Amino acid sequence: MIKFDYKDLLQFLSVKEIESYLPALQEAEKQLVNKTGPGSEFLGWMDLPVNYDREEFARMQICAERIGKQSEVLVVVGIGGSYLGAKAALDFLQDPLTQLKAAGEHKGPHVLFAGTQLSGRYLQSMLDFLQDRDFSINVISKSGTTTEPAIAFRFLRALMEKKYGKQEAAKRIYATTDKTKGALRSLADQEGYETFVVPDNVGGRFSVLTPVGLLPIAAAGYDVEAMLQGAAAMRERSSLPFGENPAQQYAAVRNALYNQNYLLELFVSYEQRLASIAEWWKQLYGESEGKGEQGLFPASVNFTADLHSLGQYIQDGKRHLFETVVQIETPDVDPIISADPQNLDGLNYLAGKGMDFVNKQACKGTIEAHLEGGVPNMQIQIDKANEYSLGELFYFFERACGLSAYVLGVNPFDQPGVEAYKKNMFRLLGKPA
Ligand code: PA5
(Lines give C-alpha, C1' and ligand atoms only; values in the text may rest on other atoms or scores of the structure.)
Protein backbone atom coordinates (compact mmCIF):
# COMPACT_ATOMS: atom_id res chain seq x y z
CA MET A 1 0.00 0.00 0.00
CA ILE A 2 1.29 3.47 -0.90
CA LYS A 3 2.03 5.72 2.09
CA PHE A 4 2.21 9.50 2.12
CA ASP A 5 4.29 11.13 4.83
CA TYR A 6 4.49 14.91 5.29
CA LYS A 7 5.77 15.11 8.87
CA ASP A 8 9.02 16.81 7.74
CA LEU A 9 6.94 19.66 6.34
CA LEU A 10 5.91 20.61 9.85
CA GLN A 11 9.19 22.51 10.16
CA PHE A 12 7.85 24.80 7.43
CA LEU A 13 4.06 24.69 7.83
CA SER A 14 1.99 24.52 11.00
CA VAL A 15 -0.76 21.92 11.42
CA LYS A 16 -3.18 24.84 11.73
CA GLU A 17 -2.04 26.19 8.39
CA ILE A 18 -2.48 22.80 6.71
CA GLU A 19 -5.87 22.33 8.30
CA SER A 20 -6.96 25.73 7.05
CA TYR A 21 -7.18 24.07 3.62
CA LEU A 22 -9.81 21.56 4.78
CA PRO A 23 -12.88 23.62 3.80
CA ALA A 24 -11.46 24.28 0.31
CA LEU A 25 -10.57 20.60 -0.01
CA GLN A 26 -14.06 19.49 1.01
CA GLU A 27 -15.46 21.84 -1.62
CA ALA A 28 -13.03 20.50 -4.24
CA GLU A 29 -13.95 16.92 -3.31
CA LYS A 30 -17.64 17.75 -3.75
CA GLN A 31 -16.92 19.36 -7.12
CA LEU A 32 -15.16 16.20 -8.28
CA VAL A 33 -17.69 13.72 -6.94
CA ASN A 34 -20.82 15.68 -7.85
CA LYS A 35 -19.32 16.85 -11.14
CA THR A 36 -20.05 20.50 -10.46
CA GLY A 37 -16.60 22.07 -10.98
CA PRO A 38 -15.07 23.53 -14.15
CA GLY A 39 -14.26 20.90 -16.75
CA SER A 40 -16.72 18.45 -15.17
CA GLU A 41 -17.34 16.83 -18.56
CA PHE A 42 -13.84 15.30 -18.23
CA LEU A 43 -14.25 13.36 -14.99
CA GLY A 44 -14.53 9.88 -16.52
CA TRP A 45 -11.07 8.97 -15.17
CA MET A 46 -12.38 9.03 -11.57
CA ASP A 47 -14.31 5.78 -11.97
CA LEU A 48 -12.18 4.04 -14.61
CA PRO A 49 -10.70 1.47 -12.18
CA VAL A 50 -14.17 0.03 -11.60
CA ASN A 51 -16.21 1.33 -14.49
CA TYR A 52 -14.79 0.44 -17.87
CA ASP A 53 -15.93 -1.33 -21.01
CA ARG A 54 -15.35 -5.01 -20.12
CA GLU A 55 -15.91 -6.23 -23.68
CA GLU A 56 -13.32 -3.80 -25.00
CA PHE A 57 -10.94 -4.73 -22.17
CA ALA A 58 -11.17 -8.43 -23.09
CA ARG A 59 -10.61 -7.64 -26.79
CA MET A 60 -7.65 -5.50 -25.83
CA GLN A 61 -6.08 -8.40 -23.94
CA ILE A 62 -6.50 -10.63 -27.00
CA CYS A 63 -4.86 -8.02 -29.22
CA ALA A 64 -2.04 -7.54 -26.70
CA GLU A 65 -1.29 -11.24 -26.90
CA ARG A 66 -1.49 -11.18 -30.70
CA ILE A 67 0.96 -8.26 -30.86
CA GLY A 68 3.37 -10.27 -28.70
CA LYS A 69 3.15 -13.24 -31.09
CA GLN A 70 3.17 -11.17 -34.27
CA SER A 71 6.05 -8.86 -33.54
CA GLU A 72 9.50 -8.35 -32.19
CA VAL A 73 8.82 -4.61 -31.83
CA LEU A 74 5.70 -2.63 -30.98
CA VAL A 75 5.90 1.01 -32.06
CA VAL A 76 3.63 3.22 -29.98
CA VAL A 77 2.87 6.45 -31.85
CA GLY A 78 1.54 9.31 -29.69
CA ILE A 79 2.47 12.46 -27.83
CA GLY A 80 1.73 13.96 -24.39
CA GLY A 81 -1.03 12.10 -22.62
CA SER A 82 -1.12 9.63 -25.49
CA TYR A 83 2.25 8.12 -24.61
CA LEU A 84 3.62 9.32 -21.26
CA GLY A 85 1.53 6.90 -19.18
CA ALA A 86 2.60 3.81 -21.11
CA LYS A 87 6.23 4.96 -21.13
CA ALA A 88 6.09 5.63 -17.38
CA ALA A 89 4.61 2.20 -16.71
CA LEU A 90 7.05 0.32 -18.91
CA ASP A 91 10.12 2.04 -17.53
CA PHE A 92 8.82 1.28 -14.03
CA LEU A 93 8.08 -2.40 -14.68
CA GLN A 94 10.66 -3.48 -17.24
CA ASP A 95 14.21 -4.66 -16.74
CA PRO A 96 16.33 -1.50 -17.25
CA LEU A 97 18.32 -3.14 -20.04
CA THR A 98 15.28 -4.59 -21.83
CA GLN A 99 16.09 -2.78 -25.06
CA LEU A 100 19.48 -4.49 -25.24
CA LYS A 101 18.12 -7.97 -24.70
CA ALA A 102 17.28 -10.38 -27.49
CA ALA A 103 13.76 -11.76 -28.05
CA GLY A 104 13.06 -14.48 -25.50
CA GLU A 105 15.29 -12.87 -22.86
CA HIS A 106 12.58 -10.41 -21.86
CA LYS A 107 8.78 -10.25 -21.68
CA GLY A 108 6.76 -9.31 -24.80
CA PRO A 109 8.00 -7.29 -27.77
CA HIS A 110 10.35 -4.33 -27.44
CA VAL A 111 8.28 -1.16 -27.21
CA LEU A 112 9.53 1.94 -29.02
CA PHE A 113 7.89 5.35 -29.03
CA ALA A 114 7.43 7.55 -32.10
CA GLY A 115 5.66 10.86 -32.74
CA THR A 116 6.79 12.26 -29.40
CA GLN A 117 8.75 15.07 -31.11
CA LEU A 118 9.70 16.19 -34.64
CA SER A 119 13.29 14.97 -34.98
CA GLY A 120 13.91 13.58 -38.46
CA ARG A 121 17.07 11.89 -37.22
CA TYR A 122 15.21 9.88 -34.61
CA LEU A 123 12.48 8.94 -37.08
CA GLN A 124 14.92 7.87 -39.79
CA SER A 125 16.90 5.77 -37.33
CA MET A 126 13.71 4.00 -36.27
CA LEU A 127 12.61 3.40 -39.87
CA ASP A 128 16.02 1.89 -40.69
CA PHE A 129 15.90 -0.29 -37.57
CA LEU A 130 12.42 -1.60 -38.42
CA GLN A 131 13.29 -2.57 -42.03
CA ASP A 132 14.43 -6.05 -40.99
CA ARG A 133 12.24 -6.59 -37.95
CA ASP A 134 8.71 -7.76 -37.49
CA PHE A 135 6.73 -4.94 -36.00
CA SER A 136 3.25 -3.76 -35.07
CA ILE A 137 1.99 -0.22 -34.54
CA ASN A 138 -0.31 1.19 -31.89
CA VAL A 139 -1.17 4.69 -33.07
CA ILE A 140 -2.79 6.74 -30.30
CA SER A 141 -4.44 10.13 -30.63
CA LYS A 142 -7.63 11.21 -28.93
CA SER A 143 -8.22 14.12 -31.30
CA GLY A 144 -6.85 12.12 -34.21
CA THR A 145 -5.32 15.27 -35.65
CA THR A 146 -2.13 15.96 -33.65
CA THR A 147 0.72 16.84 -36.00
CA GLU A 148 3.68 15.00 -34.41
CA PRO A 149 2.08 11.52 -34.24
CA ALA A 150 0.26 12.03 -37.56
CA ILE A 151 3.57 12.67 -39.38
CA ALA A 152 5.34 9.74 -37.68
CA PHE A 153 2.42 7.45 -38.48
CA ARG A 154 2.47 8.45 -42.14
CA PHE A 155 6.11 7.32 -42.40
CA LEU A 156 5.61 4.16 -40.35
CA ARG A 157 2.47 3.13 -42.22
CA ALA A 158 4.24 3.59 -45.55
CA LEU A 159 7.09 1.35 -44.36
CA MET A 160 4.71 -1.24 -43.04
CA GLU A 161 2.61 -1.35 -46.22
CA LYS A 162 5.77 -1.66 -48.31
CA LYS A 163 7.09 -4.45 -46.11
CA TYR A 164 3.93 -6.52 -45.58
CA GLY A 165 1.47 -5.30 -48.24
CA LYS A 166 -1.64 -3.27 -47.44
CA GLN A 167 -3.78 -6.16 -46.20
CA GLU A 168 -1.26 -7.67 -43.80
CA ALA A 169 -0.26 -4.16 -42.60
CA ALA A 170 -3.87 -3.48 -41.63
CA LYS A 171 -3.71 -6.51 -39.32
CA ARG A 172 -0.67 -5.06 -37.57
CA ILE A 173 -1.99 -1.57 -36.93
CA TYR A 174 -4.03 -0.85 -33.81
CA ALA A 175 -5.58 2.61 -33.49
CA THR A 176 -6.65 4.13 -30.18
CA THR A 177 -8.76 7.23 -30.80
CA ASP A 178 -12.12 8.91 -30.50
CA LYS A 179 -15.24 6.75 -30.92
CA THR A 180 -16.53 8.64 -33.95
CA LYS A 181 -14.52 11.69 -34.97
CA GLY A 182 -11.09 12.81 -36.12
CA ALA A 183 -8.78 11.99 -39.02
CA LEU A 184 -7.38 8.88 -37.32
CA ARG A 185 -10.87 7.45 -36.74
CA SER A 186 -11.75 7.96 -40.43
CA LEU A 187 -8.47 6.41 -41.58
CA ALA A 188 -8.80 3.45 -39.21
CA ASP A 189 -12.37 2.76 -40.30
CA GLN A 190 -11.44 3.03 -43.97
CA GLU A 191 -8.42 0.73 -43.67
CA GLY A 192 -10.09 -1.73 -41.28
CA TYR A 193 -7.67 -1.39 -38.36
CA GLU A 194 -8.55 -2.83 -34.96
CA THR A 195 -9.60 0.19 -32.88
CA PHE A 196 -9.89 1.13 -29.22
CA VAL A 197 -11.71 4.10 -27.80
CA VAL A 198 -10.46 7.05 -25.77
CA PRO A 199 -13.65 7.90 -23.85
CA ASP A 200 -15.06 11.40 -24.46
CA ASN A 201 -14.98 12.16 -20.75
CA VAL A 202 -11.28 11.33 -20.22
CA GLY A 203 -8.60 13.88 -21.19
CA GLY A 204 -5.20 12.81 -22.53
CA ARG A 205 -3.17 13.24 -19.34
CA PHE A 206 -5.79 11.32 -17.32
CA SER A 207 -6.01 8.45 -19.82
CA VAL A 208 -3.38 5.97 -18.66
CA LEU A 209 -6.03 3.57 -17.33
CA THR A 210 -7.87 3.48 -20.68
CA PRO A 211 -6.58 1.52 -23.71
CA VAL A 212 -4.26 4.51 -24.33
CA GLY A 213 -2.00 3.21 -21.58
CA LEU A 214 -3.28 -0.30 -21.04
CA LEU A 215 -2.83 -1.74 -24.55
CA PRO A 216 0.93 -1.06 -24.82
CA ILE A 217 1.47 -2.15 -21.20
CA ALA A 218 -0.47 -5.39 -21.73
CA ALA A 219 1.30 -6.02 -25.07
CA ALA A 220 4.64 -5.78 -23.25
CA GLY A 221 3.45 -8.65 -21.04
CA TYR A 222 2.28 -6.88 -17.88
CA ASP A 223 -0.80 -7.49 -15.76
CA VAL A 224 -3.14 -4.58 -16.43
CA GLU A 225 -5.87 -6.11 -14.29
CA ALA A 226 -3.60 -5.82 -11.26
CA MET A 227 -2.99 -2.17 -12.22
CA LEU A 228 -6.71 -1.49 -12.22
CA GLN A 229 -7.06 -3.26 -8.86
CA GLY A 230 -4.37 -1.04 -7.36
CA ALA A 231 -6.09 2.03 -8.80
CA ALA A 232 -9.44 0.83 -7.44
CA ALA A 233 -7.94 0.46 -3.94
CA MET A 234 -6.61 4.03 -4.11
CA ARG A 235 -9.99 5.23 -5.36
CA GLU A 236 -11.55 3.73 -2.20
CA ARG A 237 -8.98 5.44 0.01
CA SER A 238 -9.66 8.72 -1.75
CA SER A 239 -13.06 9.00 -0.10
CA LEU A 240 -11.74 8.52 3.46
CA PRO A 241 -11.45 11.41 5.93
CA PHE A 242 -8.44 13.74 5.57
CA GLY A 243 -6.27 11.88 8.12
CA GLU A 244 -6.42 8.66 6.09
CA ASN A 245 -6.65 10.20 2.64
CA PRO A 246 -3.26 10.61 0.93
CA ALA A 247 -4.65 12.41 -2.14
CA GLN A 248 -6.30 15.08 0.01
CA GLN A 249 -3.18 15.46 2.16
CA TYR A 250 -0.92 15.90 -0.86
CA ALA A 251 -3.33 18.42 -2.45
CA ALA A 252 -3.49 20.42 0.80
CA VAL A 253 0.22 20.62 1.56
CA ARG A 254 1.33 21.53 -1.96
CA ASN A 255 -1.19 24.38 -2.02
CA ALA A 256 -0.03 25.49 1.43
CA LEU A 257 3.59 25.53 0.23
CA TYR A 258 2.66 27.36 -2.97
CA ASN A 259 0.97 30.07 -0.93
CA GLN A 260 4.18 30.39 1.14
CA ASN A 261 6.00 31.23 -2.13
CA TYR A 262 7.50 27.81 -2.75
CA LEU A 263 6.89 27.90 -6.48
CA LEU A 264 8.68 24.83 -7.76
CA GLU A 265 7.99 21.20 -6.86
CA LEU A 266 10.72 18.65 -7.47
CA PHE A 267 9.71 15.03 -7.99
CA VAL A 268 12.71 13.24 -6.50
CA SER A 269 13.54 9.60 -7.10
CA TYR A 270 16.43 7.33 -6.18
CA GLU A 271 15.60 4.68 -8.76
CA GLN A 272 15.97 5.17 -12.51
CA ARG A 273 12.73 3.20 -12.94
CA LEU A 274 10.81 6.22 -11.54
CA ALA A 275 12.24 8.76 -14.00
CA SER A 276 9.50 8.36 -16.62
CA ILE A 277 6.80 8.43 -13.94
CA ALA A 278 8.21 11.86 -13.14
CA GLU A 279 7.74 12.83 -16.82
CA TRP A 280 4.10 11.67 -16.71
CA TRP A 281 3.59 13.53 -13.40
CA LYS A 282 5.09 16.72 -14.88
CA GLN A 283 2.55 16.69 -17.68
CA LEU A 284 -0.30 15.89 -15.31
CA TYR A 285 0.43 18.76 -12.94
CA GLY A 286 1.95 21.21 -15.41
CA GLU A 287 -0.93 21.06 -17.88
CA SER A 288 -3.60 20.86 -15.20
CA GLU A 289 -2.45 23.68 -12.92
CA GLY A 290 -0.22 25.98 -14.97
CA LYS A 291 -2.77 28.49 -16.23
CA GLY A 292 -4.06 31.98 -15.49
CA GLU A 293 -0.52 32.90 -14.36
CA GLN A 294 -0.79 30.40 -11.53
CA GLY A 295 0.52 27.00 -10.52
CA LEU A 296 3.58 25.26 -9.15
CA PHE A 297 6.26 24.48 -11.71
CA PRO A 298 6.69 20.67 -11.69
CA ALA A 299 10.28 19.54 -12.22
CA SER A 300 12.14 16.32 -11.50
CA VAL A 301 15.52 15.03 -10.44
CA ASN A 302 16.94 11.54 -10.33
CA PHE A 303 19.28 10.99 -7.40
CA THR A 304 21.94 10.30 -6.67
CA ALA A 305 23.00 11.21 -10.26
CA ASP A 306 21.54 14.72 -10.07
CA LEU A 307 23.06 15.34 -6.65
CA HIS A 308 26.27 15.69 -8.62
CA SER A 309 24.77 18.35 -10.87
CA LEU A 310 21.64 20.06 -9.51
CA GLY A 311 22.45 19.14 -5.90
CA GLN A 312 24.32 22.40 -5.39
CA TYR A 313 21.33 24.51 -6.43
CA ILE A 314 18.88 22.49 -4.36
CA GLN A 315 21.03 22.76 -1.26
CA ASP A 316 22.03 26.37 -1.65
CA GLY A 317 20.28 28.21 -4.49
CA LYS A 318 17.12 30.31 -4.43
CA ARG A 319 14.76 29.06 -1.69
CA HIS A 320 11.61 28.65 -3.75
CA LEU A 321 11.51 24.88 -4.15
CA PHE A 322 10.28 21.87 -2.25
CA GLU A 323 10.72 18.15 -2.77
CA THR A 324 8.33 15.24 -3.15
CA VAL A 325 10.49 12.15 -2.72
CA VAL A 326 9.12 8.92 -4.19
CA GLN A 327 10.72 5.81 -2.70
CA ILE A 328 10.43 2.07 -3.13
CA GLU A 329 10.54 0.23 0.21
CA THR A 330 11.43 -3.30 -0.89
CA PRO A 331 13.77 -3.70 -3.87
CA ASP A 332 13.30 -6.50 -6.46
CA VAL A 333 16.98 -7.38 -6.14
CA ASP A 334 19.67 -6.28 -3.75
CA PRO A 335 23.28 -7.01 -4.77
CA ILE A 336 25.57 -7.33 -1.73
CA ILE A 337 28.91 -5.50 -1.64
CA SER A 338 31.76 -7.96 -1.17
CA ALA A 339 34.85 -7.65 1.04
CA ASP A 340 38.16 -7.08 -0.73
CA PRO A 341 41.36 -8.24 1.00
CA GLN A 342 43.33 -5.27 -0.35
CA ASN A 343 40.61 -2.67 0.21
CA LEU A 344 42.40 -0.20 -2.05
CA ASP A 345 39.12 1.57 -2.77
CA GLY A 346 38.47 1.86 0.99
CA LEU A 347 35.01 0.35 0.67
CA ASN A 348 35.33 -2.55 3.12
CA TYR A 349 33.27 -0.62 5.67
CA LEU A 350 30.34 -1.43 3.36
CA ALA A 351 31.17 -5.12 2.90
CA GLY A 352 28.12 -7.31 3.47
CA LYS A 353 25.74 -4.40 2.94
CA GLY A 354 23.19 -4.38 0.12
CA MET A 355 22.96 -1.64 -2.52
CA ASP A 356 19.48 -0.87 -1.22
CA PHE A 357 20.92 -0.03 2.22
CA VAL A 358 23.46 2.32 0.64
CA ASN A 359 20.82 3.98 -1.55
CA LYS A 360 18.44 4.44 1.40
CA GLN A 361 21.15 6.03 3.55
CA ALA A 362 21.95 8.39 0.66
CA CYS A 363 18.26 9.29 0.57
CA LYS A 364 18.05 9.86 4.35
CA GLY A 365 21.24 11.92 4.39
CA THR A 366 20.05 14.04 1.47
CA ILE A 367 16.64 14.70 3.01
CA GLU A 368 18.36 15.82 6.24
CA ALA A 369 20.75 18.09 4.35
CA HIS A 370 18.01 19.62 2.20
CA LEU A 371 15.77 20.22 5.21
CA GLU A 372 18.67 22.01 6.89
CA GLY A 373 19.17 23.98 3.68
CA GLY A 374 15.54 25.16 3.81
CA VAL A 375 13.94 22.76 1.32
CA PRO A 376 10.58 21.42 2.54
CA ASN A 377 10.21 17.71 1.96
CA MET A 378 7.46 15.11 1.80
CA GLN A 379 7.62 11.45 0.93
CA ILE A 380 5.61 8.90 -1.00
CA GLN A 381 6.48 5.30 -0.16
CA ILE A 382 5.73 2.51 -2.61
CA ASP A 383 5.97 -0.87 -0.85
CA LYS A 384 7.02 -2.85 -3.93
CA ALA A 385 7.41 -1.95 -7.60
CA ASN A 386 4.70 -3.95 -9.39
CA GLU A 387 1.58 -3.42 -11.45
CA TYR A 388 -0.68 -3.07 -8.41
CA SER A 389 1.36 -0.33 -6.76
CA LEU A 390 1.72 1.41 -10.11
CA GLY A 391 -2.09 1.53 -10.42
CA GLU A 392 -2.28 2.98 -6.90
CA LEU A 393 0.33 5.60 -7.73
CA PHE A 394 -1.29 6.70 -11.01
CA TYR A 395 -4.69 7.08 -9.37
CA PHE A 396 -3.24 8.83 -6.31
CA PHE A 397 -1.58 11.50 -8.44
CA GLU A 398 -4.63 11.96 -10.68
CA ARG A 399 -7.05 12.32 -7.80
CA ALA A 400 -4.74 14.69 -5.92
CA CYS A 401 -4.28 16.72 -9.10
CA GLY A 402 -8.03 17.24 -9.56
CA LEU A 403 -8.33 18.34 -5.92
CA SER A 404 -5.22 20.47 -5.94
CA ALA A 405 -6.22 22.39 -9.07
CA TYR A 406 -9.71 23.07 -7.74
CA VAL A 407 -8.22 24.34 -4.47
CA LEU A 408 -5.91 26.56 -6.55
CA GLY A 409 -8.97 27.82 -8.41
CA VAL A 410 -8.20 26.60 -11.94
CA ASN A 411 -9.88 24.18 -14.33
CA PRO A 412 -7.64 21.06 -14.25
CA PHE A 413 -9.06 19.60 -17.44
CA ASP A 414 -8.30 22.15 -20.16
CA GLN A 415 -5.00 23.24 -21.74
CA PRO A 416 -5.61 26.52 -23.60
CA GLY A 417 -1.90 27.41 -23.50
CA VAL A 418 -0.92 24.44 -25.66
CA GLU A 419 -2.57 26.03 -28.71
CA ALA A 420 -0.21 29.05 -28.92
CA TYR A 421 2.78 27.21 -30.38
CA LYS A 422 0.56 25.24 -32.75
CA LYS A 423 -0.99 28.40 -34.20
CA ASN A 424 2.44 29.84 -35.01
CA MET A 425 3.84 26.54 -36.25
CA PHE A 426 0.90 26.01 -38.63
CA ARG A 427 1.24 29.58 -39.94
CA LEU A 428 4.98 29.07 -40.57
CA LEU A 429 4.32 25.70 -42.19
CA GLY A 430 1.62 27.19 -44.42
CA LYS A 431 -1.15 24.86 -43.24
CA PRO A 432 -4.37 25.60 -45.18
CA ALA A 433 -7.09 27.19 -43.00
O1 PA5 B 1 -3.28 15.98 -21.97
C2 PA5 B 1 -3.56 16.26 -23.11
O3 PA5 B 1 -4.73 16.42 -23.48
C4 PA5 B 1 -2.49 16.39 -24.18
O5 PA5 B 1 -1.22 16.25 -23.70
C6 PA5 B 1 -2.71 15.36 -25.26
O7 PA5 B 1 -2.65 14.08 -24.68
C8 PA5 B 1 -1.69 15.47 -26.37
O9 PA5 B 1 -1.69 16.78 -26.89
C10 PA5 B 1 -1.99 14.50 -27.49
O11 PA5 B 1 -3.27 14.72 -27.99
P12 PA5 B 1 -4.00 13.64 -28.91
O13 PA5 B 1 -4.19 12.39 -28.12
O14 PA5 B 1 -5.30 14.28 -29.26
O15 PA5 B 1 -3.11 13.41 -30.11
Side-chain angles (χ1 to χ4, degrees), residues 38-46 48 75-89 113-118 123 137-157 173-188 193 195-217 276-291 295 297-298 394-395 397-402 404-405 410-426 431:
S40 58
E41 63 277 31
F42 293 110
L43 286 169
W45 57 272
M46 281 191 45
L48 277 176
V75 184
V76 174
V77 187
I79 196 166
S82 289
Y83 96 100
L84 284 162
K87 172 93 172 110
F113 292 88
T116 64
Q117 25 71 23
L118 290 166
L123 184 64
I137 299 174
N138 180 198
V139 53
I140 308 172
S141 176
K142 182 176 180 185
S143 62
T145 54
T146 308
T147 312
E148 292 90 335
I151 293 177
F153 183 52
R154 183 180 276 214
F155 277 97
L156 286 157
R157 185 162 63 100
I173 297 175
Y174 302 82
T176 307
T177 189
D178 187 86
K179 196 165 55 212
T180 51
K181 53 185 190 302
L184 180 57
R185 165 55 64 187
S186 316
L187 179 66
Y193 304 151
T195 60
F196 296 92
V197 171
V198 192
D200 284 342
N201 58 2
V202 181
R205 58 191 173 274
F206 288 85
S207 69
V208 63
L209 299 176
T210 71
V212 169
L214 298 182
L215 176 58
I217 299 167
S276 296
I277 295 196
E279 296 306 314
W280 171 84
W281 169 89
K282 285 195 269 193
Q283 188 209 8
L284 183 66
Y285 281 83
E287 259 187 17
S288 300
E289 292 194 324
K291 50 197 75 160
F297 185 82
F394 277 140
Y395 194 87
F397 277 131
E398 288 179 353
R399 185 77 175 223
C401 182
S404 181
V410 299
N411 175 358
F413 308 114
D414 65 359
Q415 51 283 327
V418 179
E419 294 313 308
Y421 97 90
K422 291 186 191 167
K423 223 173 94 198
N424 291 346
M425 178 177 77
F426 291 146
K431 184 179 176 179

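The model shown is predicted, which means the values in this text are computed figures rather than measured ones. All heavy atoms count here, side chains included; hydrogens, waters and symmetry mates do not. Along the sequence shown, residues carry numbers from 1. Counting convention: from 1, in listed order, for ligands and their atoms alike.
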Could you tell me whether some N/O pair between Gly81 and ligand 1 is separated by less than 3.5 angstrom?
-> yes
Identity and distance of the protein heavy atom lying nearest atom 3 (O) of ligand 1 | Gly204 N, 3.6 Å
Cation-aromatic face contact Arg157/Phe153, 6.0 Å, 45 degrees | yes
Kindly write out the residues that satisfy side-chain hydrogen bond (donor to acceptor under 3.5 Å, both in side chains) with Thr145, not counting sequence neighbours, or none if the list is empty.
-> Ser143
Atoms of ligand 1 under 4.0 Å from any heavy atom of Ser82, numbered from 1 in the order shown, are 7 (O), 12 (P), 13 (O)
State, with a plain yes or no, whether a side-chain heavy atom of Phe413 is found less than 4.5 Å away from one of Trp45.
-> yes
Note the single closest protein heavy atom to atom 11 (O) of ligand 1, along with its residue, its atom name and the distance in Å.
-> Thr146 OG1, 3.6 Å
Proximal atoms of ligand 1 relative to Ser141 (non-hydrogen, under 4.0 Å) = 12 (P), 13 (O), 14 (O), 15 (O)
Any side-chain heavy atom of Leu43 within less than 4.5 Å of one from Asn201?
-> no
Distance from atom 5 (O) of ligand 1 to nearest protein heavy atom, with residue and atom | Gln283 NE2, 2.5 Å
Non-hydrogen side-chain atoms of Phe426 and Thr147 separated by less than 4.5 Å = yes
If you count the atoms of ligand 1 from 1 in the order shown, which ones are under 4.0 Å from a heavy atom of Ser143?
-> 12 (P), 14 (O), 15 (O)
Are side-chain heavy atoms of Leu284 and Phe206 found at a separation under 4.5 Å?
-> yes
Quick one: does Lys142's side chain get under 4.5 Å of Ser207's, heavy atoms only?
-> no
Please state which protein non-hydrogen atom is closest to atom 10 (C) of ligand 1 and give its distance, to 0.1 Å?
-> Ile79 O, 3.2 Å
For atom 2 (C) of ligand 1, the closest protein heavy atom turns out to be Glu287 OE1, 3.4 Å
For ligand 1, is there an N or O atom under 3.5 Å from any N or O atom of Lys422?
-> no
